[in-house]
Amino acid sequence: MKYLKWIMAVLAVLIIAIAVYPFFVRDTETIVLDDAARASMPNESFVKLSDGYTHYQWGGPKDGPTVVLVHGAGAPYFMWEYQFGALVQAGFHVLRYDLFGRGLSDRPSVYTADLYDRQLLELLDSQGIKAPVDLAGISMGGAITVRFIDRHPERVRKFALFGVGSSGHLPLYMRILSLPLVGEWVMKGFLEKAIKSNSQSVMRDPDKSREYMQKILQQMQYKGTRRALLETLRDGFGGLMPLYERVGKSGKPGILFSGTEDLLVPFAEHAQVQAAIPSIEFHAVQGAGHDSIFEAPDAVNPLLIEFLKR
């Protein structure tokens, strides 16, 4: 009985210690993305939209076909690094930008599908882009892409999707993060550790994974990043099948890439996307995880460029 009480006391202390741990962790979000912060980055481009400032970059000849790159939920626009340069060299006029809550774009108070649709539309308008563009999106960026085509079909010529699924079913750890209070607790104390430990779920190549995670953690210094990631998870990724079906009926040329080792979006889900968009061209990226554009650019880029030039 004496030992049982001792064990229970130790367990109680451990539980309390774990519960309060996040409140004693040094806050890595130390920088506010305000006018002073932007002024300290004179080589970066920003434009003020209705929901805040958006960070963006142009590359390539202005008279080339316009390609817009939309990144996913966790990483800023650097994840398109290997496509950005390749497309520029191929003669395209390429635009990439940070979604709200990521990279150097502002952290508004609410994160919804409407926010990201509005951000893309206003960004194109702010740059004077009225002609149809080629739109490429990965993961959540793919969801933004198909929603944008559905709502603004006149603004898109061709589209490319990477790592998108049909079920909208999130892994268990992401569903746990979406729970009230639990998500805030995990984000406060364990987000950086969780990102590092789950790196293999998005990328199978260990060298690329280390490079990717080092860059993804750089955005954690800006206030509001954790909240943005959490609110995006809670808004959800479901409800895409009707969008795929309507985009399929639009007749717009599309191409789909899926990593065979994707642990976030099961590889088999490409079949449902293809069924909804019968004309879409499909390519399996052998051995790649969720972020095939970063992990396997040598496999992806020639096919993407050939499709866009076709």
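The figures here come from the full heavy-atom set of this structure, side chains too, leaving out hydrogens, waters and symmetry mates.
- Ring centers of Trp58 and His93: under 6.0 Å apart, within the cut-off.
- Judged by distance alone, the side chain of Glu231 and the main-chain N or O of Ser109 form no donor-acceptor pair under 3.5 Å.
- Just one residue in the list His71, Glu81, Gln83 forms a side-chain hydrogen bond (donor to acceptor under 3.5 Å, both in side chains) with Arg96, and that residue is Glu81.
- Grouping the Ile, Leu, Val, Met, Phe, Trp and Tyr side chains by contacts below 4.5 angstrom, directly or via other members, places Leu240 with Leu135.
- Taken together through direct or relayed side-chain contacts under 4.5 Å among Ile, Leu, Val, Met, Phe, Trp and Tyr, Val247 and Val156 form part of one hydrophobic cluster.
- Counting only distance, with no hydrogens or angles, the side chain of Arg155 and the backbone of Ile129 share a donor-acceptor pair below 3.5 Å.
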Check your understanding: Is there a side-chain contact (heavy atoms from CB on, under 4.5 Å) between Leu33 and Phe46 once you walk through the steps?
Key -> CA-CA 12 Å; Leu33 275 168; Phe46 300 89; 5.6 Å; no
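- Here CZ of Phe257 is found 11.0 Å from CD1 of Ile138. Values are rounded to the nearest 0.5 Å.
- Closest heavy-atom contact between Phe100 and Leu115: CD1-CD1, 3.7 Å.
- Under 4.0 Å is where a charged nitrogen must lie from a carboxylate oxygen, and between Glu306 and Arg310 at least one such pair does.
- Counting only heavy atoms from C-beta outward, the side chains of Asp51 and Gln119 never approach each other to under 4.5 Å.
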Practice item. Apply the test side-chain contact (heavy atoms from CB on, under 4.5 Å) to residues His152 and Leu120: give CA-CA distance (whole Å), side-chain angles for both, the deciding distance (0.1 Å), then the verdict. Key: CA-CA 11 Å; His152 319 282; Leu120 177 52; over 6 Å; no
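- Note that the CE atom of Met79 and the CZ atom of Phe162 stand 10.0 Å from one another [nearest 0.5 Å].
- Relative ring orientation between Phe78 and Phe294 is described as perpendicular, the plane-to-plane angle rising above 60° on a 0-90° scale split at 30° and 60°.
- In this structure, Lys62 places its NZ atom where only 12 or fewer heavy-atom neighbours from other residues, nucleotides or ligands lie under 6.0 Å away.
- Nearest heavy atom pair, residue Glu122 against residue Ser50, reads OE2-OG, 2.7 Å.
- Proximity of a side-chain donor or acceptor of Thr145 to a complementary backbone N or O of Gly141 within less than 3.5 Å is detected.
- The minimum heavy-atom distance between Ala37 and Asp34, with the atom names listed, is N-OD1, 2.9 Å.
- Between Arg102 and Pro76, the shortest heavy-atom distance links the atoms CB-CA, 4.4 Å.
- Contact record, Leu69 with Val67: CD2-CG1, 3.9 Å, taken as the closest heavy-atom pair.
- Of the inter-residue distances, the one linking His290 atom NE2 with Asp262 atom CG reads 5.5 Å to the nearest 0.5 angstrom.
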Review point. Could you go step by step and tell me if Asp114 and Arg151 meet the side-chain contact (heavy atoms from CB on, under 4.5 Å) rule?
Key: CA-CA 11 Å; Asp114 289 341; Arg151 293 184 177 184; 2.8 Å; yes
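- Counting only distance, with no hydrogens or angles, the side chain of Tyr244 and the backbone of Gly165 share a donor-acceptor pair below 3.5 Å.
- The backbone N or O of Ala86 lies less than 3.5 Å from no partner atom in the side chain of Gln89, so there is not a single donor-acceptor pair.
- A donor-acceptor pair is defined here as one N or O able to donate and one able to accept, closer than 3.5 Å; no such pair exists between the side chain of Ser258 and the backbone of Ala284.
- Remark: Phe148 CZ to Asp150 CG distance equals 11.5 Å, nearest 0.5 Å.
- Figure legend: Arg147 and Tyr116 shown without cation-pi pairing, the cationic atom not lying both under 6.0 angstrom from the six-membered ring centre and within 45 degrees of its axis.
- With rounding to the nearest 0.5 angstrom, the OG1 atom of Thr232 is 10.0 Å from the CZ atom of Arg227.
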**Study point:** Verdict with reasoning, Arg226 to Met220, per side-chain contact (heavy atoms from CB on, under 4.5 Å)
**Key:** CA-CA 7 Å; Arg226 290 188 187 87; Met220 304 310 299; 3.9 Å; yes
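- Summarising the geometry of Gly103 relative to Gln219, their closest heavy-atom pair is N-OE1, 2.9 Å, with the distance given to 0.1 Å.
- At a threshold of 4.5 Å between side-chain heavy atoms, the hydrophobic network of Ile, Leu, Val, Met, Phe, Trp and Tyr places Leu229 and Leu104 in two separate groups.
- No donor-acceptor pair closer than 3.5 Å links the side chain of Asp106 to the backbone N or O of Pro108.
- Of the possible polar contacts, none joining the Asp291 side chain to the Ile293 backbone as a donor-acceptor pair under 3.5 Å is found.
- Taking CG of Leu123 as the start and OG1 of Thr54 as the end, the distance is 6.0 Å to the nearest 0.5 Å.
- Remark: the backbone N or O of Ile149 is not paired with any side-chain donor or acceptor of Lys252 at under 3.5 angstrom.
- Between the side chain of Glu269 and the backbone N or O of Ser166 there is at least one donor-acceptor pair closer than 3.5 Å.
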